[in-house]
Protein chains: 2
Amino acid sequence: MGNNIGGINRIGKTHNMIKKVKLLKPALGREEKRQLKLDAILRHAAAAFMEKGYYKTSLDDIARLHKVTKPTLYYYIRNKEDILIKCEAVASQRINGLLDDVTALDDNGFAQLKKFIEGYVEIVTDDIIRCHIRHRGQREDPAAREASLKMHREIEHRVREIIGRGVADGSLRPCNPTIIAILLFDALNGISAWYREEGDLNHEELVAQVLLIVTEGVKNKE
Amino acid sequence: MGNNIGGINRIGKTHNMIKKVKLLKPALGREEKRQLKLDAILRHAAAAFMEKGYYKTSLDDIARLHKVTKPTLYYYIRNKEDILIKCEAVASQRINGLLDDVTALDDNGFAQLKKFIEGYVEIVTDDIIRCHIRHRGQREDPAAREASLKMHREIEHRVREIIGRGVADGSLRPCNPTIIAILLFDALNGISAWYREEGDLNHEELVAQVLLIVTEGVKNKE
DNA sequence: CTATATTGTTACCCATGAGTAACTTAAACT
DNA sequence: AGTTTAAGTTACTCATGGGTAACAATATAG
């Protein structure tokens, strides 16, 4: 479906395993370990940001969660904002991955939209993604800010295209794809702020209700 | 429809006008003037918060916008957080006022929901309300936090009731009113983050699209 | 026209928290 | 071995910004 953090999709081949069997502890190359730790830091940070908010969370807080001291973090991140940027990269990959999957088959627009919604509700559960959704917009470095906006527009554009395709192929009724895409995103992103997997509301019911309102609307016809 | 800030709905009677005509400058009582200034400060603060965010906006920034110095603000507000609390009070009054209006007549649930949506899209344009929507959740004083949650739940509950009523009277199709209410709010609140009155998208089109998706859904039936 | 509350100012305090420098420990690689 | 590089630590600096004290001006009332 998506992919994981940096570049550790499969563990790096270990071409030296034949040479000598003295590598029992390493097992993971240093680069891989580094990526794993970065991922852990990101998760800790994201969890803290979701609980207390970006500004009320200090780097010391994050370091404490990770059981290291603050300066150590700087070995993995450039600065505080860089955490958000790295979360965004993860989010971008996951969401675009979903969109790739959804648009791969040549279903009609409605079917694709349905698949996207189902997948997105899944994605929106992840702490790193929730963190990104909540804090996208905090970027203060102008360049990072611009990059963030661009990636956001790109994703919105792809959903808009799905809707537009649906209108064209007749599977969706005539509507303004731009506005509908934005409204849909607002509702779906909102979910990330309140939905708890541990709660009594299960995934299926949630997805069903989203699909109900999006596809049929709530007005009774008879 | 709603009402304005503190308690200045009509200018306070001026029962002393007969006594002597030496009151030409005052015209507004001191209490009224104070409320007017508080309102202005709130608007300046809200505008700044919407542009730069709560934490990136200093009290000096707000003071500068209002053309006074920081300590002066403390004559009108208790502290920085108090600004958010006061914005919330305004928002609460406006939204509950709308709900009062909407539920006053005994239309069916669908008609009431429609009216609410139309009114809410209007409300969500105001800077103070936008500010509240964006920053509800930042409250750090536990008491204020609790009060905020309570008022939020109350409003959500009233909308849920409208939907429940609609399901009961048959004007809305069977659905989970709790989830639908939340999704609806997410979408509507989202509007406050991107919609600009000066933009090329006019109110009517926006409302029409929201109603389209909420009432009919986007799936084509034929 | 003075007395008094209301607004506002200048000049400060001080907690917080991001980021850095310099040093120590642990691991890896011939 | 023993040297290099990665990983982490303690102990700082330093800007920012919320909040306050003490003082100055202005208006309202008697």
Side-chain angles (χ1 to χ4, degrees), chain A residues 12 14-17 19-41 44-45 48-49 52-85 138-141, chain B residues 12 14-17 19-41 44-45 48-49 52-85 138-141:
Chain A
T14 58
H15 3 42
N16 39 8
M17 215 167 220
K19 285 179 71 177
K20 207 104 189 230
V21 206
K22 71 170 176 185
L23 38 114
L24 283 169
K25 279 180 298 177
L28 260 45
R30 35 181 187 269
E31 187 56 29
E32 280 82 1
K33 262 167 79 178
R34 190 194 172 75
Q35 289 293 342
L36 239 39
K37 284 192 189 161
L38 172 61
D39 184 42
I41 289 173
H44 281 135
F49 288 166
K52 312 172 52 179
Y54 180 73
Y55 289 100
K56 271 183 269 182
T57 304
S58 71
L59 287 175
D60 282 311
D61 290 335
I62 299 170
R64 206 172 305 121
L65 280 175
H66 196 60
K67 301 226 207 294
V68 292
T69 53
K70 181 172 59 169
T72 303
L73 296 181
Y74 282 84
Y75 194 78
Y76 298 92
I77 58 166
R78 230 192 282 284
N79 51 40
K80 196 179 183 186
E81 179 161 354
D82 193 40
I83 297 177
L84 295 183
I85 294 176
Q138 313 271 322
R139 221 79 359 119
E140 39 195 328
D141 172 45
Chain B
T14 58
H15 3 40
N16 39 7
M17 216 167 218
K19 283 179 72 179
K20 207 100 187 234
V21 205
K22 71 171 178 185
L23 37 114
L24 282 170
K25 279 180 297 177
L28 261 46
R30 33 180 190 268
E31 188 55 29
E32 280 82 1
K33 263 166 81 178
R34 192 194 170 76
Q35 290 293 343
L36 238 41
K37 283 192 191 162
L38 172 60
D39 184 44
I41 289 174
H44 282 134
F49 289 166
K52 312 172 55 179
Y54 181 72
Y55 289 100
K56 271 183 269 181
T57 305
S58 71
L59 285 175
D60 282 311
D61 289 336
I62 299 171
R64 206 172 304 120
L65 280 175
H66 196 59
K67 301 226 206 297
V68 290
T69 53
K70 179 173 58 169
T72 301
L73 295 180
Y74 281 84
Y75 195 78
Y76 298 93
I77 58 167
R78 232 192 280 285
N79 51 41
K80 196 181 184 186
E81 180 161 353
D82 193 41
I83 297 177
L84 295 184
I85 294 176
Q138 313 269 322
R139 224 79 357 118
E140 39 196 324
D141 172 45

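Note that the structure is predicted; figures quoted are calculated from it, not measured. Naming convention: chains lettered A, B, ... in sequence-line order (proteins, then strands); numbering from 1 in each chain.
- The nucleotide whose nearest atom lies closest to any side-chain atom of B/R34 is, among C/dT7, C/dA11, D/dG19, C/dT7.
- Between the CG atom of B/L73 and the P atom of D/dG17 there is a distance of 15 Å, given to the nearest Å.
- Minimum atom distance to the side chain of B/Y75 is reached by C/dT6, of the listed D/dG8, C/dT6, C/dT10.
- The closest donor-acceptor contact from the side chain of B/Y54 to the backbone of B/E81 lies under 3.5 Å.
- Between the P atom of D/dG17 and the CD atom of B/E140 lies a distance of 16 Å, rounded to the nearest Å.
- For the pair A/T72 and D/dT9, the criterion of a side-chain N or O lying under 4.0 Å from OP1 or OP2 is met.
- Residue A/D141 contributes atom CG, which lies 16 Å from atom C1' of C/dA18 at whole-angstrom precision.
- Residue A/P71 has its side chain nearest to C/dT20 when only C/dT20, D/dG19, D/dA7 are considered.
- The distance from atom CG of A/D60 to atom C1' of D/dG8 is 14 Å, rounded to the nearest whole Å.
- A residue-by-residue look at B/T69 and A/E81 shows that B/T69 has its nearest nucleotide of DNA chain C further toward the 5' end.
- Side-chain proximity of A/K33 to C/dG19, C/dT9, C/dA28: nearest is C/dA28.
- OP1 or OP2 of D/dG19 has not a single side-chain nitrogen or oxygen of B/R78 nearer than 4.0 Å.
- Judged by distance alone with a 3.5 Å cut-off, no donor-acceptor contact links the side chain of A/K70 to the base of C/dG17.
- Rounding to the nearest 0.5 angstrom, the gap separating the CD atom in B/Q35 from the CG atom in B/D39 is 8.5 Å.
- Across every non-hydrogen atom of A/Q138 and B/K56, the tightest pair is O-NZ, 2.7 Å.
- Taking side-chain N and O atoms only, B/Y76 has a distance below 4.0 Å to OP1 or OP2 of C/dG8.
- As rounded to whole Å, 12 Å separates atom C1' of C/dT6 from atom CD of B/E31.
- The two residues B/I83 and B/A45 make their nearest non-hydrogen contact at CG2-CB, 3.7 Å.
- Across the protein-nucleic acid pair, A/R64 atom CZ and D/dG8 atom P stand 17 Å apart, rounded to whole Å.
- Closest contact between the side chain of B/K37 and the listed nucleotides D/dT10, D/dG19, C/dG8 involves C/dG8.
- For A/I77 and C/dA18, the CD1 to C1' distance is 10 Å, given to the nearest whole Å.
- In this structure, the NZ atom of A/K80 is 15 Å from the P atom of C/dT20, given to the nearest Å.
- Between A/Y76 and A/K37, the shortest heavy-atom contact is OH-CD, 3.3 Å.
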